[in-house]
Number of protein chains: 2
Amino acid sequence: MTISVPLTRMKAGERRELILRAATGVFGTSGYVGATTADVARAAGVSQPYVVRMFGTKEQLFLEVINRALELLLAGFQSALDDTSSDVALEKRMGLAYVNQLKEHGVLLSLMHAFVLGREPVIGRAARAGFMKVYRFLREDAGFDAAQVQNFLASGMLINTMIGLDMAEDYDGDPDVRELMECAFPEKVEMVRELARKRTEG
Amino acid sequence: MTISVPLTRMKAGERRELILRAATGVFGTSGYVGATTADVARAAGVSQPYVVRMFGTKEQLFLEVINRALELLLAGFQSALDDTSSDVALEKRMGLAYVNQLKEHGVLLSLMHAFVLGREPVIGRAARAGFMKVYRFLREDAGFDAAQVQNFLASGMLINTMIGLDMAEDYDGDPDVRELMECAFPEKVEMVRELARKRTEG
DNA sequence: GGTCTAAGTAATCAAACGATAACAAGTTGG
DNA sequence: CCAACTTGTTATCGTTTGATTACTTAGACC
(Lines give C-alpha, C1' and ligand atoms only; values in the text may rest on other atoms or scores of the structure.)
Protein backbone atom coordinates (compact mmCIF):
# COMPACT_ATOMS: atom_id res chain seq x y z
CA MET A 1 0.00 0.00 0.00
CA THR A 2 1.51 3.26 -1.13
CA ILE A 3 0.77 6.43 0.79
CA SER A 4 0.20 8.87 -1.99
CA VAL A 5 -1.23 11.94 -0.36
CA PRO A 6 0.94 15.02 -0.13
CA LEU A 7 3.44 14.86 -3.06
CA THR A 8 5.41 18.04 -3.47
CA ARG A 9 4.57 19.74 -6.73
CA MET A 10 7.09 20.13 -9.47
CA LYS A 11 7.22 21.93 -12.74
CA ALA A 12 6.37 19.65 -15.62
CA GLY A 13 9.91 19.73 -16.96
CA GLU A 14 11.46 18.34 -13.80
CA ARG A 15 8.74 15.78 -13.33
CA ARG A 16 9.23 14.72 -16.91
CA GLU A 17 12.91 14.04 -16.38
CA LEU A 18 12.15 12.20 -13.16
CA ILE A 19 9.65 9.98 -14.91
CA LEU A 20 12.04 9.37 -17.80
CA ARG A 21 14.72 8.19 -15.40
CA ALA A 22 12.27 5.90 -13.66
CA ALA A 23 10.99 4.59 -16.97
CA THR A 24 14.54 3.90 -18.13
CA GLY A 25 15.03 1.59 -15.18
CA VAL A 26 11.71 -0.14 -15.60
CA PHE A 27 12.01 -0.66 -19.35
CA GLY A 28 15.57 -1.83 -18.85
CA THR A 29 14.45 -4.51 -16.44
CA SER A 30 11.19 -5.65 -18.02
CA GLY A 31 11.43 -4.65 -21.67
CA TYR A 32 9.06 -2.61 -23.75
CA VAL A 33 6.08 -4.93 -23.60
CA GLY A 34 6.76 -6.30 -20.14
CA ALA A 35 7.00 -2.92 -18.46
CA THR A 36 3.66 -1.38 -17.56
CA THR A 37 2.83 2.27 -17.25
CA ALA A 38 1.78 1.48 -13.69
CA ASP A 39 5.28 0.13 -12.97
CA VAL A 40 6.77 3.34 -14.29
CA ALA A 41 4.36 5.44 -12.28
CA ARG A 42 5.15 3.56 -9.09
CA ALA A 43 8.89 3.91 -9.67
CA ALA A 44 8.45 7.62 -10.30
CA GLY A 45 6.08 8.17 -7.39
CA VAL A 46 3.20 9.49 -9.44
CA SER A 47 -0.13 8.13 -10.59
CA GLN A 48 -0.45 5.93 -13.65
CA PRO A 49 -2.75 8.23 -15.63
CA TYR A 50 -0.30 11.06 -15.17
CA VAL A 51 2.44 9.10 -16.89
CA VAL A 52 0.18 8.35 -19.82
CA ARG A 53 -1.08 11.90 -20.13
CA MET A 54 2.38 13.38 -19.99
CA PHE A 55 3.75 11.20 -22.78
CA GLY A 56 0.63 10.42 -24.77
CA THR A 57 1.19 6.70 -25.16
CA LYS A 58 3.47 4.03 -23.74
CA GLU A 59 5.11 3.77 -27.14
CA GLN A 60 5.90 7.47 -27.13
CA LEU A 61 7.32 7.20 -23.63
CA PHE A 62 9.57 4.35 -24.71
CA LEU A 63 10.77 6.34 -27.71
CA GLU A 64 11.69 9.22 -25.43
CA VAL A 65 13.47 6.83 -23.08
CA ILE A 66 15.65 5.39 -25.82
CA ASN A 67 16.35 8.79 -27.33
CA ARG A 68 17.46 10.06 -23.95
CA ALA A 69 19.58 6.95 -23.46
CA LEU A 70 21.26 7.57 -26.80
CA GLU A 71 21.98 11.17 -25.88
CA LEU A 72 23.58 10.08 -22.62
CA LEU A 73 25.65 7.47 -24.41
CA LEU A 74 26.88 9.79 -27.12
CA ALA A 75 27.61 12.53 -24.61
CA GLY A 76 29.74 10.06 -22.67
CA PHE A 77 31.60 9.10 -25.83
CA GLN A 78 32.12 12.75 -26.71
CA SER A 79 33.64 13.41 -23.29
CA ALA A 80 35.98 10.47 -23.69
CA LEU A 81 36.93 11.78 -27.08
CA ASP A 82 37.60 15.27 -25.79
CA ASP A 83 39.59 14.17 -22.77
CA THR A 84 43.07 14.08 -24.26
CA SER A 85 44.74 14.58 -20.90
CA SER A 86 45.15 10.92 -20.07
CA ASP A 87 47.63 8.76 -21.94
CA VAL A 88 45.10 5.93 -22.23
CA ALA A 89 44.39 4.82 -25.78
CA LEU A 90 41.20 6.15 -27.35
CA GLU A 91 39.61 2.76 -27.86
CA LYS A 92 40.04 1.95 -24.21
CA ARG A 93 38.72 5.33 -23.08
CA MET A 94 35.63 4.79 -25.20
CA GLY A 95 35.17 1.36 -23.66
CA LEU A 96 35.30 2.83 -20.19
CA ALA A 97 32.81 5.52 -21.20
CA TYR A 98 30.50 2.73 -22.34
CA VAL A 99 30.74 0.71 -19.16
CA ASN A 100 30.25 3.83 -17.07
CA GLN A 101 26.77 4.18 -18.53
CA LEU A 102 25.89 1.24 -16.34
CA LYS A 103 25.85 3.64 -13.41
CA GLU A 104 22.44 4.88 -14.43
CA HIS A 105 20.26 1.85 -14.41
CA GLY A 106 18.58 0.85 -17.65
CA VAL A 107 20.34 3.18 -20.05
CA LEU A 108 22.09 0.41 -21.96
CA LEU A 109 19.43 -2.20 -21.30
CA SER A 110 16.47 -0.17 -22.53
CA LEU A 111 18.42 0.36 -25.73
CA MET A 112 19.09 -3.36 -25.90
CA HIS A 113 15.41 -4.09 -25.53
CA ALA A 114 14.72 -1.73 -28.40
CA PHE A 115 17.37 -3.43 -30.52
CA VAL A 116 15.56 -6.76 -30.49
CA LEU A 117 12.27 -5.24 -31.64
CA GLY A 118 13.29 -4.35 -35.18
CA ARG A 119 10.06 -5.75 -36.60
CA GLU A 120 7.91 -3.32 -34.60
CA PRO A 121 7.21 -0.65 -37.18
CA VAL A 122 7.75 2.48 -35.09
CA ILE A 123 10.20 1.23 -32.49
CA GLY A 124 12.17 -0.76 -35.04
CA ARG A 125 12.79 2.27 -37.19
CA ALA A 126 13.88 4.35 -34.21
CA ALA A 127 16.11 1.57 -32.92
CA ARG A 128 17.92 1.13 -36.22
CA ALA A 129 18.39 4.86 -36.56
CA GLY A 130 19.77 5.09 -33.04
CA PHE A 131 22.14 2.19 -33.53
CA MET A 132 23.50 3.67 -36.73
CA LYS A 133 23.92 7.03 -35.03
CA VAL A 134 26.32 5.32 -32.64
CA TYR A 135 28.00 3.58 -35.54
CA ARG A 136 28.57 6.84 -37.35
CA PHE A 137 29.88 8.53 -34.23
CA LEU A 138 32.49 5.84 -33.78
CA ARG A 139 33.32 5.68 -37.44
CA GLU A 140 33.50 9.39 -38.17
CA ASP A 141 33.93 11.40 -34.98
CA ALA A 142 36.10 8.87 -33.17
CA GLY A 143 37.92 7.90 -36.37
CA PHE A 144 37.62 4.12 -35.98
CA ASP A 145 37.87 1.97 -39.08
CA ALA A 146 35.09 -0.47 -39.91
CA ALA A 147 36.75 -3.43 -38.21
CA GLN A 148 37.41 -1.41 -35.06
CA VAL A 149 33.80 -0.31 -34.89
CA GLN A 150 32.59 -3.85 -35.42
CA ASN A 151 34.83 -5.08 -32.65
CA PHE A 152 33.84 -2.27 -30.29
CA LEU A 153 30.13 -2.75 -30.88
CA ALA A 154 30.46 -6.50 -30.51
CA SER A 155 32.07 -6.11 -27.10
CA GLY A 156 29.32 -3.69 -26.18
CA MET A 157 26.58 -6.10 -27.18
CA LEU A 158 28.19 -8.84 -25.12
CA ILE A 159 28.29 -6.50 -22.14
CA ASN A 160 24.63 -5.64 -22.65
CA THR A 161 23.79 -9.31 -22.82
CA MET A 162 25.62 -10.16 -19.66
CA ILE A 163 23.99 -7.29 -17.79
CA GLY A 164 20.62 -8.34 -19.21
CA LEU A 165 21.26 -11.87 -18.02
CA ASP A 166 22.04 -10.49 -14.58
CA MET A 167 25.12 -12.63 -14.79
CA ALA A 168 26.59 -11.13 -11.63
CA GLU A 169 23.98 -13.21 -9.82
CA ASP A 170 26.09 -16.32 -10.49
CA TYR A 171 29.54 -14.79 -10.01
CA ASP A 172 30.22 -16.47 -6.70
CA GLY A 173 28.77 -19.85 -7.54
CA ASP A 174 30.34 -20.47 -10.94
CA PRO A 175 34.03 -19.97 -11.70
CA ASP A 176 33.28 -19.86 -15.42
CA VAL A 177 31.04 -16.86 -14.87
CA ARG A 178 33.87 -15.22 -13.01
CA GLU A 179 36.28 -15.92 -15.85
CA LEU A 180 33.88 -14.57 -18.45
CA MET A 181 33.05 -11.44 -16.49
CA GLU A 182 36.68 -10.64 -15.90
CA CYS A 183 37.26 -10.95 -19.60
CA ALA A 184 34.22 -8.90 -20.65
CA PHE A 185 34.49 -6.01 -18.17
CA PRO A 186 38.22 -5.49 -17.75
CA GLU A 187 38.85 -3.61 -14.48
CA LYS A 188 35.14 -3.01 -13.99
CA VAL A 189 33.96 -6.30 -12.52
CA GLU A 190 33.67 -4.91 -9.02
CA MET A 191 31.62 -1.95 -10.18
CA VAL A 192 29.27 -4.23 -12.06
CA ARG A 193 28.87 -6.53 -9.08
CA GLU A 194 28.25 -3.61 -6.77
CA LEU A 195 25.55 -2.20 -9.02
CA ALA A 196 23.91 -5.61 -9.35
CA ARG A 197 23.86 -5.95 -5.59
CA LYS A 198 22.27 -2.55 -5.19
CA ARG A 199 19.57 -3.45 -7.72
CA THR A 200 18.82 -6.76 -6.07
CA GLU A 201 18.63 -5.49 -2.52
CA GLY A 202 17.32 -1.95 -3.02
CA MET B 1 -10.26 -15.30 -41.51
CA THR B 2 -8.71 -18.68 -40.96
CA ILE B 3 -10.42 -21.79 -42.26
CA SER B 4 -9.95 -24.16 -39.40
CA VAL B 5 -12.13 -27.13 -40.15
CA PRO B 6 -10.53 -30.37 -41.29
CA LEU B 7 -6.97 -30.37 -39.87
CA THR B 8 -5.24 -33.67 -40.41
CA ARG B 9 -4.50 -35.35 -37.14
CA MET B 10 -1.01 -35.85 -35.87
CA LYS B 11 0.56 -37.68 -33.05
CA ALA B 12 1.24 -35.42 -30.12
CA GLY B 13 4.98 -35.66 -30.60
CA GLU B 14 4.92 -34.34 -34.15
CA ARG B 15 2.42 -31.64 -33.29
CA ARG B 16 4.59 -30.65 -30.39
CA GLU B 17 7.61 -30.17 -32.60
CA LEU B 18 5.53 -28.23 -35.09
CA ILE B 19 4.27 -25.91 -32.39
CA LEU B 20 7.75 -25.48 -30.97
CA ARG B 21 9.04 -24.41 -34.39
CA ALA B 22 6.21 -21.95 -34.79
CA ALA B 23 6.71 -20.63 -31.27
CA THR B 24 10.40 -20.17 -31.92
CA GLY B 25 9.61 -17.83 -34.78
CA VAL B 26 6.95 -15.92 -32.88
CA PHE B 27 9.01 -15.49 -29.71
CA GLY B 28 11.97 -14.49 -31.83
CA THR B 29 9.99 -11.72 -33.46
CA SER B 30 7.93 -10.43 -30.55
CA GLY B 31 9.81 -11.49 -27.45
CA TYR B 32 8.58 -13.46 -24.47
CA VAL B 33 6.02 -10.98 -23.21
CA GLY B 34 5.05 -9.58 -26.59
CA ALA B 35 4.31 -12.93 -28.16
CA THR B 36 0.87 -14.30 -27.34
CA THR B 37 -0.21 -17.90 -27.19
CA ALA B 38 -2.76 -16.99 -29.85
CA ASP B 39 0.04 -15.83 -32.15
CA VAL B 40 1.80 -19.11 -31.65
CA ALA B 41 -1.38 -21.06 -32.26
CA ARG B 42 -2.08 -19.15 -35.48
CA ALA B 43 1.47 -19.74 -36.71
CA ALA B 44 1.17 -23.43 -35.93
CA GLY B 45 -2.32 -23.79 -37.36
CA VAL B 46 -3.95 -24.98 -34.17
CA SER B 47 -6.26 -23.45 -31.59
CA GLN B 48 -4.97 -21.28 -28.76
CA PRO B 49 -6.18 -23.48 -25.91
CA TYR B 50 -4.43 -26.45 -27.44
CA VAL B 51 -1.10 -24.66 -27.25
CA VAL B 52 -1.67 -23.84 -23.60
CA ARG B 53 -2.82 -27.31 -22.70
CA MET B 54 0.06 -28.99 -24.46
CA PHE B 55 2.70 -26.94 -22.66
CA GLY B 56 0.93 -26.04 -19.43
CA THR B 57 1.80 -22.36 -19.39
CA LYS B 58 3.28 -19.79 -21.74
CA GLU B 59 6.34 -19.66 -19.54
CA GLN B 60 6.84 -23.39 -19.86
CA LEU B 61 6.45 -23.14 -23.64
CA PHE B 62 9.09 -20.44 -23.76
CA LEU B 63 11.46 -22.53 -21.68
CA GLU B 64 11.04 -25.42 -24.08
CA VAL B 65 11.63 -23.10 -27.01
CA ILE B 66 14.92 -21.83 -25.65
CA ASN B 67 16.07 -25.27 -24.61
CA ARG B 68 15.38 -26.54 -28.09
CA ALA B 69 17.20 -23.55 -29.56
CA LEU B 70 20.21 -24.31 -27.40
CA GLU B 71 20.20 -27.93 -28.50
CA LEU B 72 20.15 -26.89 -32.14
CA LEU B 73 22.95 -24.42 -31.58
CA LEU B 74 25.19 -26.83 -29.73
CA ALA B 75 24.49 -29.57 -32.27
CA GLY B 76 25.59 -27.18 -35.01
CA PHE B 77 28.76 -26.39 -33.09
CA GLN B 78 29.45 -30.06 -32.53
CA SER B 79 29.14 -30.75 -36.25
CA ALA B 80 31.54 -27.93 -37.04
CA LEU B 81 33.91 -29.34 -34.48
CA ASP B 82 33.70 -32.86 -35.90
CA ASP B 83 34.09 -31.82 -39.52
CA THR B 84 37.84 -31.92 -39.86
CA SER B 85 37.71 -32.47 -43.60
CA SER B 86 37.87 -28.81 -44.58
CA ASP B 87 41.03 -26.82 -44.12
CA VAL B 88 39.11 -23.86 -42.70
CA ALA B 89 40.24 -22.79 -39.24
CA LEU B 90 38.10 -23.97 -36.33
CA GLU B 91 37.12 -20.49 -35.18
CA LYS B 92 35.79 -19.66 -38.60
CA ARG B 93 33.94 -22.95 -38.94
CA MET B 94 32.26 -22.28 -35.62
CA GLY B 95 31.30 -18.81 -36.79
CA LEU B 96 29.70 -20.25 -39.90
CA ALA B 97 27.85 -22.80 -37.81
CA TYR B 98 26.50 -19.92 -35.74
CA VAL B 99 25.33 -17.87 -38.69
CA ASN B 100 23.74 -20.92 -40.25
CA GLN B 101 21.35 -21.12 -37.32
CA LEU B 102 19.69 -18.09 -38.88
CA LYS B 103 18.15 -20.44 -41.43
CA GLU B 104 15.57 -21.50 -38.90
CA HIS B 105 13.79 -18.37 -37.93
CA GLY B 106 13.92 -17.32 -34.30
CA VAL B 107 16.46 -19.79 -32.97
CA LEU B 108 19.04 -17.15 -32.15
CA LEU B 109 16.53 -14.39 -31.50
CA SER B 110 14.39 -16.26 -29.02
CA LEU B 111 17.58 -16.94 -27.10
CA MET B 112 18.45 -13.27 -27.30
CA HIS B 113 15.08 -12.32 -25.90
CA ALA B 114 15.68 -14.70 -23.02
CA PHE B 115 19.12 -13.17 -22.43
CA VAL B 116 17.68 -9.75 -21.64
CA LEU B 117 15.25 -11.10 -19.06
CA GLY B 118 17.76 -12.07 -16.42
CA ARG B 119 15.66 -10.54 -13.66
CA GLU B 120 12.69 -12.81 -14.36
CA PRO B 121 13.15 -15.49 -11.72
CA VAL B 122 12.47 -18.61 -13.79
CA ILE B 123 13.47 -17.46 -17.25
CA GLY B 124 16.51 -15.61 -15.97
CA ARG B 125 17.90 -18.68 -14.32
CA ALA B 126 17.36 -20.79 -17.43
CA ALA B 127 18.86 -18.13 -19.65
CA ARG B 128 22.03 -17.83 -17.60
CA ALA B 129 22.41 -21.59 -17.47
CA GLY B 130 21.97 -21.82 -21.24
CA PHE B 131 24.43 -19.07 -21.96
CA MET B 132 27.06 -20.66 -19.75
CA LYS B 133 26.44 -24.02 -21.41
CA VAL B 134 27.52 -22.40 -24.67
CA TYR B 135 30.45 -20.79 -22.93
CA ARG B 136 31.64 -24.11 -21.57
CA PHE B 137 31.24 -25.82 -24.91
CA LEU B 138 33.47 -23.28 -26.56
CA ARG B 139 35.93 -23.21 -23.72
CA GLU B 140 36.24 -26.94 -23.13
CA ASP B 141 35.00 -28.93 -26.12
CA ALA B 142 36.20 -26.48 -28.75
CA GLY B 143 39.34 -25.65 -26.81
CA PHE B 144 39.10 -21.86 -27.06
CA ASP B 145 40.91 -19.77 -24.48
CA ALA B 146 38.99 -17.19 -22.47
CA ALA B 147 39.80 -14.31 -24.80
CA GLN B 148 38.80 -16.32 -27.85
CA VAL B 149 35.48 -17.22 -26.28
CA GLN B 150 34.86 -13.61 -25.29
CA ASN B 151 35.58 -12.48 -28.81
CA PHE B 152 33.45 -15.20 -30.36
CA LEU B 153 30.48 -14.53 -28.11
CA ALA B 154 30.81 -10.80 -28.65
CA SER B 155 30.60 -11.23 -32.41
CA GLY B 156 27.62 -13.49 -31.90
CA MET B 157 25.80 -10.95 -29.75
CA LEU B 158 26.40 -8.26 -32.37
CA ILE B 159 24.96 -10.57 -35.00
CA ASN B 160 21.93 -11.24 -32.82
CA THR B 161 21.46 -7.52 -32.32
CA MET B 162 21.64 -6.74 -36.00
CA ILE B 163 19.17 -9.48 -36.82
CA GLY B 164 16.93 -8.29 -34.02
CA LEU B 165 17.12 -4.79 -35.41
CA ASP B 166 16.10 -6.15 -38.80
CA MET B 167 19.03 -4.19 -40.09
CA ALA B 168 18.76 -5.72 -43.55
CA GLU B 169 15.72 -3.48 -43.94
CA ASP B 170 18.05 -0.49 -44.40
CA TYR B 171 20.79 -2.20 -46.41
CA ASP B 172 19.91 -0.51 -49.67
CA GLY B 173 19.22 2.93 -48.31
CA ASP B 174 22.22 3.41 -46.04
CA PRO B 175 25.81 2.70 -47.11
CA ASP B 176 26.90 2.59 -43.47
CA VAL B 177 24.50 -0.26 -42.86
CA ARG B 178 26.04 -2.03 -45.81
CA GLU B 179 29.53 -1.50 -44.46
CA LEU B 180 28.58 -2.77 -41.02
CA MET B 181 26.77 -5.81 -42.31
CA GLU B 182 29.64 -6.80 -44.52
CA CYS B 183 31.90 -6.56 -41.52
CA ALA B 184 29.61 -8.47 -39.15
CA PHE B 185 28.54 -11.34 -41.45
CA PRO B 186 31.60 -12.07 -43.56
CA GLU B 187 30.51 -13.91 -46.72
CA LYS B 188 26.98 -14.31 -45.39
CA VAL B 189 25.42 -10.95 -46.17
CA GLU B 190 23.44 -12.27 -49.10
CA MET B 191 22.03 -15.12 -47.09
CA VAL B 192 20.95 -12.75 -44.33
CA ARG B 193 19.32 -10.39 -46.81
CA GLU B 194 17.53 -13.25 -48.50
CA LEU B 195 16.13 -14.54 -45.22
CA ALA B 196 15.03 -11.06 -44.21
CA ARG B 197 13.22 -10.66 -47.52
CA LYS B 198 11.45 -13.96 -47.07
CA ARG B 199 10.35 -12.95 -43.58
CA THR B 200 9.06 -9.59 -44.74
CA GLU B 201 7.15 -10.81 -47.75
CA GLY B 202 6.01 -14.29 -46.63
C1' DG C 1 -6.57 37.75 -1.12
C1' DG C 2 -8.95 36.15 -4.81
C1' DT C 3 -8.50 33.98 -9.31
C1' DC C 4 -6.75 31.27 -12.79
C1' DT C 5 -3.64 28.04 -14.57
C1' DA C 6 -0.75 24.12 -14.19
C1' DA C 7 0.06 19.79 -11.68
C1' DG C 8 -1.84 16.10 -10.19
C1' DT C 9 -5.41 12.24 -8.63
C1' DA C 10 -9.37 8.84 -8.38
C1' DA C 11 -12.60 6.32 -10.87
C1' DT C 12 -13.58 3.72 -14.66
C1' DC C 13 -13.54 1.38 -19.35
C1' DA C 14 -12.85 -1.58 -23.32
C1' DA C 15 -9.59 -4.74 -25.23
C1' DA C 16 -6.40 -8.35 -24.93
C1' DC C 17 -4.60 -12.25 -22.82
C1' DG C 18 -3.65 -16.66 -20.45
C1' DA C 19 -6.07 -20.16 -18.70
C1' DT C 20 -10.00 -23.52 -17.85
C1' DA C 21 -13.94 -26.35 -18.81
C1' DA C 22 -16.79 -28.83 -21.46
C1' DC C 23 -17.42 -31.10 -25.53
C1' DA C 24 -16.46 -33.45 -30.41
C1' DA C 25 -14.37 -36.58 -33.45
C1' DG C 26 -10.53 -39.80 -34.87
C1' DT C 27 -7.95 -43.90 -33.98
C1' DT C 28 -6.64 -48.04 -31.91
C1' DG C 29 -6.98 -52.65 -29.59
C1' DG C 30 -9.63 -56.47 -27.88
C1' DC D 1 -17.89 -53.02 -33.50
C1' DC D 2 -17.54 -50.67 -29.66
C1' DA D 3 -15.09 -48.89 -25.77
C1' DA D 4 -11.56 -46.08 -24.35
C1' DC D 5 -7.98 -43.02 -25.17
C1' DT D 6 -5.95 -39.34 -27.84
C1' DT D 7 -6.28 -35.29 -30.55
C1' DG D 8 -8.36 -31.44 -31.10
C1' DT D 9 -12.16 -27.54 -30.81
C1' DT D 10 -15.54 -23.81 -29.10
C1' DA D 11 -17.05 -21.09 -25.52
C1' DT D 12 -16.02 -18.49 -21.72
C1' DC D 13 -13.90 -16.40 -17.55
C1' DG D 14 -11.06 -13.39 -14.47
C1' DT D 15 -7.08 -10.28 -14.74
C1' DT D 16 -4.25 -7.07 -16.41
C1' DT D 17 -3.38 -3.07 -19.01
C1' DG D 18 -3.28 1.30 -21.57
C1' DA D 19 -6.10 4.90 -21.98
C1' DT D 20 -9.98 8.42 -20.99
C1' DT D 21 -12.80 11.41 -18.23
C1' DA D 22 -13.85 14.15 -14.74
C1' DC D 23 -12.54 16.09 -10.67
C1' DT D 24 -9.05 18.45 -7.11
C1' DT D 25 -5.70 21.53 -5.31
C1' DA D 26 -1.16 24.03 -5.00
C1' DG D 27 0.85 28.08 -6.10
C1' DA D 28 2.05 32.19 -9.19
C1' DC D 29 0.45 36.67 -10.47
C1' DC D 30 -1.97 40.93 -10.39
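Quantities reported herein were computed from a predicted structural model and do not represent experimental measurements. Numbers restart at 1 for each chain; the letters A, B, ... are given by sequence-line order, proteins then strands. Excluded from the calculations below are hydrogen atoms, water molecules and symmetry mates; all remaining heavy atoms, backbone and side chain alike, are included.
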Whole-Å distance separating the CZ atom of B/R15 from the C1' atom of D/dG8: 8 Å

Criterion salt bridge (charged side-chain N to carboxylate O under 4.0 Å, His left out) against B/D176, the qualifying member of A/K133, A/R128, A/R139, A/R136: A/R136

Value in whole Å for how far the P atom of C/dC17 lies from CG of B/D39: 7 Å

Sugar-phosphate only, base, or nothing, as touched by B/A35 at under 4.0 Å among non-hydrogen atoms: sugar-phosphate

Any A/T37 side-chain nitrogen or oxygen under 4.0 Å from OP1 or OP2 of D/dG18: yes

Side-chain heavy atoms of B/M191 within contact of B/N100, under 4.5 Å: yes

Donor-acceptor contact present, side-chain B/D170 to main-chain B/G173, <3.5 Å: no

Distance in angstrom units between B/F55 CZ and C/dA19 C1', rounded: 16 Å

Electrostatic pair B/R68-B/E64, nearest N-O below 4.0 angstrom: no

Whole angstrom value for the distance that separates P of D/dT17 from CG of A/L61: 16 Å

Between C/dA6 (C1') and A/R16 (CZ): distance, integer Å: 15 Å

End axis versus end axis in the helix from C/dG1-D/dC30 to C/dG30-D/dC1, the angle rounded to 10°, five pairs used at each terminus: 0°

Integer-rounded Å distance: D/dT7 P and B/I19 CD1: 11 Å

Gap between atoms CZ and P, on A/F62 and D/dT17 respectively (whole Å): 17 Å

Which donor-acceptor pairs under 3.5 Å do side chains of residues 156-166 of chain A form with protein atoms, sequence neighbours excluded?
unit_1, atom_1, unit_2, atom_2, d
A/N160, OD1, A/Y98, OH, 2.6
A/N160, ND2, A/Y98, OH, 3.1
A/T161, OG1, A/M157, O, 2.7

Listed nucleotide nearest any side-chain atom of B/V46, set D/dT9, C/dG8, D/dT7: D/dT9

B/Y50 side chain near D/dG8 phosphate (N/O to OP1/OP2, under 4.0 Å): yes

Side-chain H-bond candidate by donor/acceptor type, B/D82 with B/Q78, under 3.5 Å: yes

Residue whose nearest DNA chain D nucleotide is more 5′ - B/Q48 or A/G34: B/Q48

Distance (rounded to the nearest 0.5 Å) between A/Y32 OH and A/L117 CG: 8.5 Å

NZ/NE/NH1/NH2 to OD/OE distance under 4.0 Å, A/E194 and A/K198: no

Phosphate OP1/OP2 of C/dG8 contacted by A/S47 side-chain N/O (<4.0 Å): no

Find every protein N or O atom lying less than 3.5 Å from an N or O atom of nucleotides 21-30 of chain C, and list the pairs.
unit_1, atom_1, unit_2, atom_2, d
C/dA25, N3, B/R9, NH2, 2.9

Separation of C/dG18 C1' from B/Q60 CD (nearest whole Å): 15 Å

Reported CZ-to-NE2 distance for the pair B/F27 and B/H105, which is rounded to 0.5 angstrom: 13.5 Å

